[in-house]
Asker: 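What follows is a structure written as structure tokens; I'll ask about it next.
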Amino acid sequence: MIIPHIVDQFVWDKIITDLGVGPKGIKIDRINNKNLETKILELLNNRNFKVKSEEIGNQMQKEDFEDELYKTIIE
């Protein structure tokens, strides 16, 4: 979960939410105990966040950019 307060964090908050791996964050200037507790509990108790995160993690483990990275550095 992102607590956006500057520049790209608002974009990452949307990405996290759109991917289904976390709840929409709370802007830093609107955060309070009640809404933060609600979001943390949602993050901890929503099984779909974990499932989706594991799916994305599994996809990332299959990525292999060694050749592209080598070419970028050497060339």
Side-chain angles (χ1 to χ4, degrees):
M1 182 177 75
I2 306 292
I3 304 296
H5 53 283
I6 59 169
V7 193
D8 65 325
Q9 295 168 356
F10 293 96
V11 175
W12 284 109
D13 184 34
K14 182 170 176 11
I15 291 170
I16 295 295
T17 304
D18 290 350
L19 288 173
V21 296
K24 181 98 173 112
I26 308 160
K27 286 178 64 174
I28 193 89
D29 61 346
R30 294 193 178 142
I31 208 165
N32 60 48
N33 287 343
K34 184 177 180 181
N35 63 17
L36 182 58
E37 178 182 9
T38 300
K39 293 292 183 172
I40 291 173
L41 289 173
E42 180 183 2
L43 182 61
L44 293 172
N45 294 319
N46 186 330
R47 176 97 176 114
N48 293 327
F49 294 154
K50 182 176 181 180
V51 169
K52 190 64 180 171
S53 295
E54 288 173 344
E55 288 173 6
I56 292 170
N58 290 335
Q59 290 173 345
M60 290 172 69
Q61 287 181 343
K62 295 176 187 174
E63 293 177 355
D64 180 9
F65 297 106
E66 187 175 333
D67 292 336
E68 290 88 346
L69 182 59
Y70 177 80
K71 287 177 186 175
T72 299
I73 293 171
I74 298 303
E75 295 175 4

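All residue numbers refer to positions in the sequence shown, counting from 1. All of these numbers come straight from a predicted model, not from anything done at the bench.
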Asker: Treating Asn35 as the side-chain partner and Arg30 as the backbone partner, does any N or O pair qualify as donor plus acceptor under 3.5 Å?
Answerer: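 Judged by distance alone, yes, a pair lies under 3.5 Å.
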
Asker: On a heavy-atom basis, which atom in Leu36 and which in Ile31 lie closest, and how many Å separate them?
Answerer: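 What the structure gives for the nearest pair is CD1-CD1, 3.9 Å.
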
Asker: Is it true that, when you exclude Lys14 itself, more than 12 heavy atoms of the residues, nucleotides or ligands shown sit nearer than 6.0 Å to its NZ?
Answerer: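 Not buried by this count: 12 neighbours or fewer within 6.0 Å.
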
Asker: Which pair of heavy atoms, one from Ile26 and one from Pro4, lies closest together, and at what distance?
Answerer: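 It is O-CD, 3.5 Å.
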
Asker: Kindly indicate whether the side chain of Lys24, heavy atoms from C-beta on, has any atom under 4.5 Å from the side chain of Lys39.
Answerer: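 Yes - at least one pair of side-chain heavy atoms lies under 4.5 Å apart.
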
Asker: Looking at side-chain heavy atoms only, is the closest gap between Lys27 and His5 below 4.5 Å?
Answerer: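 They are not in side-chain contact.
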
Asker: Does Ile6 share a hydrophobic cluster with Ile15, counting links as ILVMFWY side-chain heavy atoms below 4.5 Å and allowing steps through other members?
Answerer: no

Asker: So that I can tick it off, tell me whether Glu68 and Lys71 are bridged by a salt bridge, with the cut-off set at under 4.0 angstrom between side-chain N and carboxylate O.
Answerer: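 Between Glu68 and Lys71 there is no salt bridge, as every charged N stays at least 4.0 Å from the carboxylate O atoms.
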
Asker: Under 3.5 Å, side chain of Asn46 to main-chain N/O of Glu42, donor-acceptor pair present?
Answerer: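 Side chain of Asn46 to backbone of Glu42: no pair is present.
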
Asker: Report yes or no: do Met1 and Leu41 belong to one cluster of Ile/Leu/Val/Met/Phe/Trp/Tyr joined by side chain heavy-atom distances under 4.5 Å?
Answerer: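 In one cluster with Met1: Leu41, no.
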
Asker: Please indicate whether Asn32 has more than 12 foreign heavy atoms, meaning atoms of other residues, nucleotides or ligands, lying under 6.0 Å from its CG.
Answerer: yes

Asker: Could you give the distance from NZ (Lys52) to CD1 (Ile16), rounded to the nearest 0.5 Å?
Answerer: 12.0 Å

Asker: Which heavy atom of Gly20 sits nearest to which heavy atom of Phe49, and what is that distance?
Answerer: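 Scanning both residues, the minimum pair turns out to be O-CD2, 3.2 Å.
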
Asker: Membership question, hydrophobic clusters at under 4.5 Å side-chain separation (ILVMFWY): are Val21 and Ile40 in the same one?
Answerer: no

Asker: Answer yes if Phe10 and Ile28 sit in the same cluster of Ile, Leu, Val, Met, Phe, Trp and Tyr residues linked by side chain heavy atoms under 4.5 Å apart, and no otherwise.
Answerer: no

Asker: Ignoring hydrogens, what is the shortest heavy-atom contact between Ile3 and Gln9? Give both atom names and the distance.
Answerer: O-OE1, 3.9 Å

Asker: Does the side chain of Glu75 come within less than 4.5 Å of Tyr70's, by heavy atoms?
Answerer: no

Asker: If you look at every heavy atom in Leu43 and Pro23, which pair is closest and at what distance?
Answerer: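 Heavy atoms of Leu43 and Pro23 come nearest at CD1-CD, 3.6 Å.
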
